[in-house]
Amino acid sequence: MLDIRFVREHTDKVIEALGKRNESTAILDKFLEIENRRRDVLKEVEDQRQTRNRVTKEIGTLKKEGKDAASLLSRAKEISDRITEKESSLRALEENALQELLLIPNVPDESVPVGKDENENVEIRTWGARPEFSFEPLNHWDIGEELDILDFERAGKIAGARFVINKGAGAKLERALMNFMLNLHTKEHGYTEIFPPVLVNKEAMTGTGQLPKFEEDLFKENSKGFYLIPTAEVPVTNIHRQEILNEDDLPIYYTAHTPCFRREAGSHGKDTRGLIRQHQFNKVELVKFVKPEESCNELEALTRNAEEVLMRLGLHYRVVSLCTGDIGFSAAKTYDLEVWFPAQQKFREISSCSNFTDFQARRAGIRFKSPGKKGTRFVHTLNGSGLAVGRTFAAILENYQQEDGSVIIPEALQHFMGTEKISKS
RNA sequence: GGAGAGGUGGCCGAGUGGUUGAAGGCAGCCGCCUGCUAAGCGGUUGUGGGGGUCACACCUCACCCAGGGUUCGAAUCCCUGCCUCUCCGCCA
């Protein structure tokens with residue numbers, strides 16, 4: 001969420017940001033109206049509390065001296081009643097103001113290209129080259145089923161659409177990818193491995209910005225009100241919720257491998273086949289907590305860390321800077337990594353790396369303190385996929401498929417797979 | 001699931017319902033002192049909001065797990081929730 005004072009004092013900037021995002025300023029107007037009333041009532045409440053504190057103290061003194069305080073008592077009672085009344089309307093205003101504020105998106109960074117939708121995203125760089133095939137390359141789901149390493153049909157039987165069973169070498173490849181990615185990030189990129197809960201509470205979901213706006217994207221557990229995480233960003237960022245970190249502890253780098261769960265409501269008919277859009281998928285996530293002045297550079301570094309995975313797997317990809325109309329609600333800036341899918345003849349998102357500036361930190365109350373200095377500041381949080389395992393799996397099948405139906409295992413993975421190739425058994 | 005105990009500042013730890021934002025200790029910071037170090041002496045140190053200032057100063061409100069309640073007044077009393085710990089049972 002944005003700083004209340006910033007919204008109040010730089011309303012023009014917020015209006016501009018909403019405009020760039022193609023969003024109406026209606027929420028802002030509503031927020032400001034409530035906020036102004038809140039401040040008026042707050043002033044009244046505080047003035048009256050001050051009076052009450054004075055009278056109350058006097059009563060205490062009189063009682064101690066054994067004097068009569070009856071007249072003051074009735075006056076104090078009167079004031080208190082009035083305060084109680086005002087307080088309840090103040091509480092309502094505070095709650096309403098917060099609810100509106102939670103719906104206002106982050107302000108895009110200056111460097112983010114202005115654009116309406118994904119068509120105006122800007123390609124930053126590409127790596128590698130499209131693989132050449134002497135035959136018509138197959139879709140990964142056909143390859144996977146043919147090799148008997150992916151089973152969508154039976155997954156449908158036990159769970160439903162948008163689920164998959166990995167089998168044999170398919171299960172092993174999934175595991176190899178997770179190990180490869182985690183090893184790279186922990187051993188070479190300096191991230192600390194985390195294995196967090198995948199069921200989280202409402203506060204955690206609000207902290208990273210999934211709630212209240214995107215409830216329909218989430219699976220909710222009914223008996224205790226847990227939510228299944230749509231990304232490890234949620235539990236891992238919330239590790240430090242409501243904490244004041246020491247400046248010396250920053251930056252903090254975490255990586256986590258978790259299953260992710262998404263309702264995919266509103267994407268009926270999109271990517272109905274294959275691994276691209278599943279209700280459950282594995283992902284290795286990168287999360288950073290950094291000082292504000294460093295978050296821009298940290299985003300570049302984080303993105304490079306994710307790219308390294310693709311480079312080592314020898315997968316052709318490009319980096320795209322999302323335009324203002326396409327960046328996520330909580331993000332100030334986002335780079336998407338898109339990997340080449342030969343069968344579809346297009347680049348598909350495989351990682352999304354974002355700088356959330358202080359937007360999540362303010363929601364989640366993650367601050368830091370400099371030793372010897374007064375006050376605290378909000379950290380900046382960043383995260384990115386490093387990478388989505390299912391989509392990486394799919395990309396490997398498609399890019400490394402052979403004419404005989406087998407799939408070559410990229411060298412970086414061979415050690416984890418114990419084999420150079422997956423063939424039909 | 002059953003039975004208990006407990007949640008106070010960066011940490012430890014006090015706290016008869018009325019100058020307690022909170023004793024004391026530790027740690028930190030600033031001085032002083034002592035060949036150096038250690039010790040010693042004095043002072044100082046929470047967070048958030050509102051007002052105020054060029055900026056300080058300063059004024060004020062709130063905060064002793066969270067949310068309600070009792071009261072003129074709550075860290076202190078009552079209720080609910082959350083979390084932690086111990087014992088029993090169950091369990092991967």
Side-chain angles (χ1 to χ4, degrees), chain A residues 1-10 31-32 34-102 195-207 211 221-227 235 238-250 252 259 289 358-359 361-379:
Chain A
M1 95 188 139
L2 300 177
D3 180 6
I4 294 186
R5 207 161 2 175
F6 177 82
V7 177
R8 228 162 43 209
E9 291 170 9
H10 301 282
F31 166 74
L32 286 174
I34 297 169
E35 169 62 11
N36 286 333
R37 272 196 287 148
R38 181 190 74 87
R39 291 212 304 155
D40 291 344
V41 176
L42 179 65
K43 184 94 180 83
E44 290 172 30
V45 168
E46 290 196 344
D47 286 349
Q48 289 181 358
R49 279 179 183 159
Q50 190 179 349
T51 311
R52 181 181 65 186
N53 286 349
R54 224 172 31 228
V55 174
T56 278
K57 197 184 260 181
E58 218 169 306
I59 292 172
T61 316
L62 286 178
K63 290 231 165 171
K64 214 177 246 173
E65 292 168 356
K67 292 182 186 161
D68 176 52
S71 69
L72 281 181
L73 277 178
S74 67
R75 174 144 173 252
K77 172 81 176 143
E78 225 172 87
I79 298 170
S80 271
D81 287 347
R82 222 165 332 132
I83 291 176
T84 308
E85 212 174 287
K86 278 252 156 63
E87 273 176 340
S88 71
S89 71
L90 177 64
R91 244 196 315 263
L93 285 169
E94 280 172 347
E95 182 55 32
N96 290 343
L98 178 66
Q99 284 315 310
E100 296 305 323
L101 189 60
L102 286 174
F195 189 65
V198 300
L199 291 176
V200 302
N201 57 33
K202 193 172 143 198
E203 288 70 29
M205 283 294 185
T206 307
L211 291 179
E221 182 280 335
N222 276 324
S223 71
K224 290 203 154 198
F226 290 129
Y227 291 88
N238 278 284
I239 284 175
H240 295 299
R241 181 154 54 92
Q242 296 297 334
E243 286 186 21
I244 297 175
L245 303 166
N246 192 315
E247 181 177 6
D248 299 338
D249 295 334
L250 299 177
I252 296 173
F289 302 82
D358 59 4
F359 191 83
R362 185 172 287 108
R363 286 174 165 246
I366 309 170
R367 293 173 289 167
F368 74 98
K369 189 172 167 55
S370 311
K373 279 194 200 155
K374 228 175 142 61
T376 59
R377 296 161 74 197
F378 286 106
V379 302

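Just so it is clear: chains get the letters A, B, ... in the order the sequence lines come, proteins before strands, and each one is counted from 1. For the numbers below, each heavy atom of this structure counts, side chains included, while hydrogens, waters and symmetry mates do not.
Regarding A:Lys57, its NZ atom lies at a distance of 9 Å from the P atom of B:U20, rounded to whole Å. Straight-line distance from the CG atom of A:Leu90 to the P atom of B:A62: 12 Å, rounded to whole Å. Rounded to a whole Å, the CD atom of A:Glu247 is 16 Å from the C1' atom of B:G10. Rounded to a whole Å, the NZ atom of A:Lys224 is 12 Å from the C1' atom of B:C83. Look at CG on A:Asp47: it is 9 Å from C1' on B:U60, rounded to the nearest Å. The distance from atom CD of A:Gln48 to atom C1' of B:C61 is 13 Å, rounded to the nearest whole Å. At whole-Å resolution of the value, CG in A:Asn246 and C1' in B:G28 are 11 Å apart. The CZ-C1' distance, from A:Arg49 to B:G51, rounds to 16 Å in whole Å.
For the residue pair A:Glu44 / A:Gln48, no side-chain donor-acceptor distance below 3.5 Å is found, with atom types taken as modelled.
Residues forming a salt bridge (Lys or Arg N to Asp or Glu O under 4.0 Å) with A:Arg241 (at least two apart in sequence, or on another chain): none. Annotation: salt bridge (Lys or Arg N to Asp or Glu O under 4.0 Å) contacts of A:Arg8 (sequence neighbours excluded): A:Glu35. Looking at residues two or more places apart in sequence or on another chain, you find no salt bridge (Lys or Arg N to Asp or Glu O under 4.0 Å) involving A:Arg52. Applying the ring-ring contact (aromatic ring centres under 6.0 Å, His included) criterion to A:Phe359, with sequence neighbours excluded, gives A:Phe329. Remark: A:Phe6 pairs with A:His10 by the ring-ring contact (aromatic ring centres under 6.0 Å, His included) rule, at least two apart or across chains. Under the rule for a salt bridge (Lys or Arg N to Asp or Glu O under 4.0 Å), the partners of A:Arg37 that lie at least two apart in sequence or sit in another chain are A:Glu33.
Taking atom C1' on both B:U53 and B:C58, the two are 9 Å apart, rounded to the nearest angstrom. With C1' as the reference atom, B:G46 and B:C85 are 28 Å apart, rounded to whole Å. With both ends at atom C1', the span from B:C79 to B:G24 equals 34 Å, rounded to whole Å. If you take atom C1' in B:G81 and the same atom in B:G6, they sit 16 Å apart, rounded to whole Å. Rounded to the nearest Å, the gap between the C1' atom of B:G49 and that of B:G21 is 16 Å. Taking the P atom of each, B:G18 and B:U76 are spaced 12 Å apart, rounded to whole Å. The P atoms of B:U8 and B:A75 are separated by 16 Å, rounded to the nearest whole Å. With both ends at atom P, the span from B:C78 to B:C26 equals 34 Å, rounded to whole Å.
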Quick test: give all pairs of protein nitrogen or oxygen and nucleotides 66-74 of chain B nitrogen or oxygen below 3.5 Å, distance rounded to 0.1 Å.
residue: B:G68; atom: OP1; partner: A:Arg91; partner atom: NH1; Å: 3.3
residue: B:C72; atom: O3'; partner: A:Ser80; partner atom: OG; Å: 3.2
residue: B:C72; atom: O2'; partner: A:Thr56; partner atom: OG1; Å: 3.4
residue: B:G73; atom: OP1; partner: A:Ser80; partner atom: OG; Å: 3.0

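For A:Glu87, the CD atom is densely surrounded, since the number of other residues' heavy atoms within 6.0 Å is greater than 12.
Base pairing of B:G1 is made with B:C88, judged by Watson-Crick or G-U wobble geometry with both donor-acceptor distances under 3.5 Å.
Between A:Asn53 and B:A62 there is a side-chain polar atom (N or O) within less than 4.0 angstrom of OP1 or OP2.
At the heavy-atom level, A:Arg39 lies under 4.0 Å from the strands shown only through sugar-phosphate atoms.
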Please table the atom pairs, donor to acceptor, closer than 3.5 Å between any side-chain atom in residues 71-84 of chain A and protein atoms at least two apart or in another chain.
residue: A:Ser74; atom: OG; partner: A:Ser71; partner atom: O; Å: 3.0
residue: A:Thr84; atom: OG1; partner: A:Ser80; partner atom: O; Å: 2.8

Practice prompt. Starting at the 5' end of nucleotides 44-49 of chain B, put B wherever the base has a protein heavy atom under 4.0 Å, S where only the sugar-phosphate does, and a dash everywhere else.
Written response: ---SSB

